[in-house]
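Note that the coordinates shown come from a computational prediction; the quantities given were computed from them, not determined experimentally. Residue numbers begin at 1 in each chain, while the letters A, B, ... track the order of the sequences.
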Amino acid sequence: MNNDANNSQQKQNPADTKPDVQEQVLNRLHKLEELEQAGQNPFWITTAEQTEHSKEIIENYAEFEGKNVSVAGRIMAKRGMGKVSFVDLQDRQGNIQIFTKFDALADEDYKAWQNLDIGDLISVKGEVFTTQKGEISIRNQGYQLLAKCLRPLPEKFHGLTDTDTRYRKRYLDLIVNPEIKEVFEKRSKIITTLRHELEELDFIEVETPLLNLIAGGAAARPFVTHHNTLDLSLFLRISPELYLKRLIVGGFEKVYEIGRNFRNEGMSTKHNPEFTMIELYQAYTDYNGMMEISEHLISTACMAVNGTLQIKFGEYELDLTPPFARMTMLEAIEKYTGIDFTKIEDDKTAQKIAEEKGIAELAAGKTRGEIINIFFEEFCEEHLIQPTFIYDYPIEISPLTKKKKSDPRMTERFEIFICGAEYGNAYSELNDPRDQHERFIEQQKQREAGDEEANIPDLDFVEALEYGLPPTGGLGIGIDRLVMLLTDSASIRDVLLFPTMRPLGNQIIENEVINQESAKPFDSITTNLDKTDLEQTDLEKNDLEKIDFGKLDFSKIKIEPLFEDMVDFETFSKSDFRVVKVLNCEEVPKSKKLLKFTLDDGSGNDRTILSGIKDYYKAEDLIGKTLIAITNLPERKMMGLPSQGMIISAVYEYDGEEGLDLLILDDDIPAGAKLY
RNA sequence: GAUCCAUUAGCUCAGCUGGCAGAGCACUUGACUCUUAAUCAAGGGGUCCUGGGUUCGAUCCCCAGAUGGAUCACCA
């Protein structure tokens with residue numbers, strides 16, 4: 001084997017930790033090399049003829065029999081029979097058999113044909129006919145290898161069943177389990193149908209920012225990102241709601257957006273950190289109008305992909321024929337618990353009722369409205385199997401929704417429940433800016449009380465309302481869950497082509513760090529740089545005046561003369577050097593040099609230390625790092641802020657300039673560990 | 001985050017009171033002119049997820065960890 005082949009293999013699988021290339025891969029590489037040497041490198045081919053697909057030929061056999069066709073696809077199985085052979089060719093529609101006789105091709109071509117492997121991509125030209133055993137086939141009268149498959153495919157009979165691998169290598173899953181394509185074809189069809197129906201209803205599709213200054217419109221924790229030029233923290237949106245309502249203020253009247261939202265929360269069979277929603281807003285209607293649109297969209301989408309409104313979902317038989325059942329939240333609670341909340345007026349009574357129902361803990365300290373919601377979730381949701389609109393929600397959990405005139409403690413909001421799970425959420429949109437402002441303030445209080453998911457006040461949005469939002473109905477439907485429902489899929493990962501996965505191979509990253517370190521002689525103690533920290537480009541991006549150790553000229557380094565005065569061991573051990581974790585790090589306003597560190601020193605109390613190293617490090621890059629600090633220095637104020645100790649750096653002079661490196665430790669060392 | 005289960009050849013899976021690691025498919029070589037999970041013969045292929053511990057000896061027992069799944073919790 002020559003070096004080229006080695007290299008190409010390494011490029012194929014940089015993440016492969018196995019030192020030896022598999023035998024089967026080597027075989028395939030050898031075959032590719034032989035072709036290359038014969039001037040037959042398949043990777044030079046740019047186009048192939050494909051006049052028909054497999055299913056078209058098989059389903060319209062009478063029309064195709066005896067005719068010449070060209071097909072293209074992947075070899076999925078080979079069966080040799082001496083001087084004839086059979087190949088199953090897979091294209092986007094399915095499989096068709098290729099029949100090859102030894103004398104139908106030139107000698108060399110037949111030899112090369114026999115050398116093809118399962119997984120190779122080919123095109124074949126030939127006559128459609130039926131074999132003696134009755135299989136519709138194409139008589140191979142000429143073929144081309146279009147791409148060599150260098151790795152063996154999963155087994156033909158059992159396929160790929162390991163769910164982890166199926167999600168991580170979806171392309172393999174699609175090749176070996178082509179039936180899953182149907183789910184994704186249906187997904188596409190569902191979204192197309194929604195677009196089509198909304199276009200019929202005269203909605204326009206819009207796009208609003210994913211990068212938000214304030215991630216609003218829902219109760220959820222956002223992802224944080226950073227814009228370099230503006231030096232600005234931005235949040236990935238959790239909902240497009242507040243932008244879409246601004247567009248209604250602007251006069252669009254009917255808008256919708258289908259797009260990704262990002263919520264920094266747990267993952268489960270029903271939750272993926274990024275997920276697709278449709279949100280739509282229509283002026284001059286309310287939540288009743290949204291119920292009609294909801295029914296219409298869900299049933300039409302179901303009809304489009306299933307051809308019926310009676311569907312199976314898990315163990316349930318569902319009927320999605322409109323109109324869906326309608327029940328207020330209080331009616332549902334009365335139905336399933338016998339409790340009539342219209343007769344319960346205050347928080348204390350509600351808490352007492354909760355106690356009687358055995359959910360005292362959940363209801364402790366909660367308001368009447370919150371307890372109503374808890375009752376609904378605890379006792380009602382699971383019973384709502386057939387599609388049902390649950391409407392009129394407590395105001396506490398609906399900060400963007402119009403109050404009910406008849407009972408201002410409740411709001412004009414509904415959610416769609418099917419099989420005990422929520423599929424959509426809609427309101428009569430709150431358009432009184434004064435009320436909205438108060439609700440934001442209420443949310444802010446909840447935030448300050450520790451609810452990280454309470455809405456962040458968006459005063460720019462309130463200002464938009466001050467110009468007048470017409471009465472408006474708004475609706476959001478989770479597309480992923482709708483696709484799950486309409487394709488009878490148990491997990492959200494089954495309807496996402498590339499679900500979010502935890503990365504494999506911490507060990508790989510560690511190995512890379514070690515390798516890099518051995519190339520960097522001067523880095524003995526900063527052992528736990530992130531992988532990205534090691535990349536030159538990232539150093540440049542950070543625009544740091546750090547010395548490039550790779551090019552360090554040791555003759556230019558000056559260090560402070562060693563101290564001549566000795567200290568005794570007792571004195572030494574009085575200095576309390578501790579391992580600390582950087583909980584937060586931010587620039588001190590107006591200061592040129594100072595960074596303010598909030599540190600975990602293992603004691604349980606946060607420690608604040610100011611350090612004048614802004615020239616060397618960016619504050620946010622240090623968050624989460626493990627450092628060394630001396631913790632028993634007297635407190636002193638810097639820029640008016642108290643500093644409780646010092647963070648330890650290595651300092652030296654390099655080419656006349658001061659060089660400084662924080663001592664960054666391995667993250668496995670616990671906070672509070674004392675240095676001796 | 002909690003509990004349970006899983007991780008063995010490229011894939012699907014066996015296996016072992018703790019004693020040199022097994023099958024089918026796939027791969028290599030040979031036979032075969034209509035097969036279709038083709039067949040027949042021979043052969044190659046392993047970090048038994050990782051790290052510790054117990055042991056004369058660990059894939060197996062114990063502890064810790066990684067990844068995935070399920071259930072629960074959290075979460076529109």
Side-chain angles (χ1 to χ4, degrees), chain A residues 13 16-28 30-31 76-88 95-104 115 117-119 129-137 139 149-169 172 176-177 217-221 238-239 241 261 263-273 275 277 362 373 376-377 381 390 393 397-398 400 413-417 421-426 452-453 476-478 481 490-491 493 499 501-508 510 668:
Chain A
N13 52 14
D16 231 27
T17 53
K18 300 223 180 339
D20 299 317
V21 180
Q22 290 166 35
E23 176 201 23
Q24 298 192 37
V25 173
L26 283 179
N27 288 335
R28 287 163 183 250
H30 281 310
K31 290 178 184 175
M76 297 304 291
K78 287 173 70 185
R79 292 176 294 278
M81 268 295 300
K83 294 197 168 60
V84 298
S85 67
F86 303 86
V87 155
D88 291 339
N95 283 8
I96 191 160
Q97 178 169 273
I98 309 296
F99 173 86
T100 309
K101 210 169 163 186
F102 75 105
D103 55 4
N115 254 335
D117 288 301
I118 291 175
F129 77 111
T130 305
T131 61
Q132 288 176 10
K133 293 281 167 68
E135 171 124 3
I136 295 167
S137 305
R139 193 184 304 279
C149 176
L150 292 173
R151 290 169 173 271
L153 290 184
E155 194 223 9
K156 63 182 171 190
F157 189 56
H158 299 93
L160 189 65
T161 60
D162 178 49
T163 47
D164 187 28
T165 312
R166 291 181 61 183
Y167 295 142
R168 289 181 196 278
K169 303 190 178 178
L172 270 186
V176 183
N177 303 312
R221 275 176 290 176
I238 57 175
S239 156
E241 171 155 355
N261 294 298
R263 298 188 184 177
N264 206 338
E265 293 167 348
M267 290 158 64
S268 74
T269 49
K270 291 202 183 72
H271 297 83
N272 197 63
F275 64 100
M277 289 252 290
L362 286 173
N373 186 49
F376 176 73
E377 289 179 351
E381 277 188 10
I390 295 296
Y393 276 57
I397 57 164
S398 312
L400 301 164
R413 171 182 180 185
F414 72 80
E415 292 186 339
I416 307 160
F417 284 88
E422 184 217 319
Y423 283 85
N425 183 15
E452 285 183 64
E453 289 169 5
I477 296 175
R481 291 191 190 170
S491 168
R493 291 181 157 186
M501 301 290 281
R502 195 186 294 266
L504 285 179
N506 289 338
Q507 292 130 338
I508 293 171
E510 278 167 23
D668 287 338

A.B. asks: Between R79(A) and D88(A), is there a side-chain N and carboxylate O pair less than 4.0 Å apart?
C.D. replies: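 Answer for the salt bridge query: yes.
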
A.B. asks: Within the structure shown, what part of the strands sits under 4.0 Å from E265(A) by heavy-atom distance: base, sugar-phosphate, or nothing?
C.D. replies: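 Counting heavy atoms under 4.0 Å across all strands, the contact made by E265(A) is with sugar-phosphate only.
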
A.B. asks: Pairs counted as Watson-Crick or G-U wobble with both distances under 3.5 Å: what dot-bracket string results for RNA chain B, using | for bases tied to another strand?
C.D. replies: (((((((..((((.....[..)))).(((((.......))))).....(((((..]....))))))))))))....

A.B. asks: Distance check: side-chain N/O of R166(A) vs OP1/OP2 of G68(B), anything under 4.0 Å?
C.D. replies: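 No, outside the criterion.
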
A.B. asks: Grab the CD-P distance between E381(A) and A73(B) for me, whole Å please.
C.D. replies: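 Roughly 11 Å, once rounded to whole Å.
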
A.B. asks: Is any N or O donor-acceptor pair between the side chain of Q24(A) and the base of A26(B) shorter than 3.5 Å?
C.D. replies: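 When only heavy-atom distances are counted, Q24(A) does reach the base of A26(B) through a donor-acceptor pair under 3.5 Å.
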
A.B. asks: Students often get this wrong, so: under 4.0 angstrom with heavy atoms, is E415(A) touching a base, only sugar-phosphate, or nothing?
C.D. replies: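 The residue E415(A) makes base contact.
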
A.B. asks: Checking all strands, does K78(A) fall into the base, sugar-phosphate, or nothing category for heavy-atom contacts under 4.0 angstrom?
C.D. replies: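 The residue K78(A) makes no contact with any strand.
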
A.B. asks: Within the 4.0 Å heavy-atom criterion, would you say I397(A) contacts the bases, only the backbone, or no part of the nucleic acid?
C.D. replies: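 Answer is base: heavy atoms of I397(A) come under 4.0 Å of a base.
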
A.B. asks: Kindly say whether the aromatic ring centers of F86(A) and F99(A) come within a distance under 6.0 Å.
C.D. replies: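 Centroid separation for F86(A) and F99(A): below 6.0 Å.
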
A.B. asks: Measuring only the P atom in each nucleotide, how far is U59(B) from U29(B)? A whole number of Å is fine.
C.D. replies: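 Their P atoms lie roughly 34 Å apart.
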
A.B. asks: State whether T163(A) places a side-chain N or O below 4.0 Å from either non-bridging phosphate oxygen (OP1 or OP2) of G69(B).
C.D. replies: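 So the side chain of T163(A) is outside the cut-off, no N or O lying under 4.0 Å from OP1 or OP2 of G69(B).
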
A.B. asks: Ignoring backbone atoms, establish whether T165(A) has a side-chain N or O less than 4.0 Å from OP1 or OP2 of U67(B).
C.D. replies: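 For U67(B), neither OP1 nor OP2 has a side-chain N or O of T165(A) closer than 4.0 Å.
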
A.B. asks: Starting the side chain at C-beta, find the nucleotide from U28(B), G10(B), C34(B) nearest to N27(A).
C.D. replies: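 Of the candidates, U28(B) comes closest.
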
A.B. asks: Among A38(B), C11(B), U67(B), find the nucleotide with the atom closest to the side chain of K156(A).
C.D. replies: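 The closest nucleotide is A38(B).
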
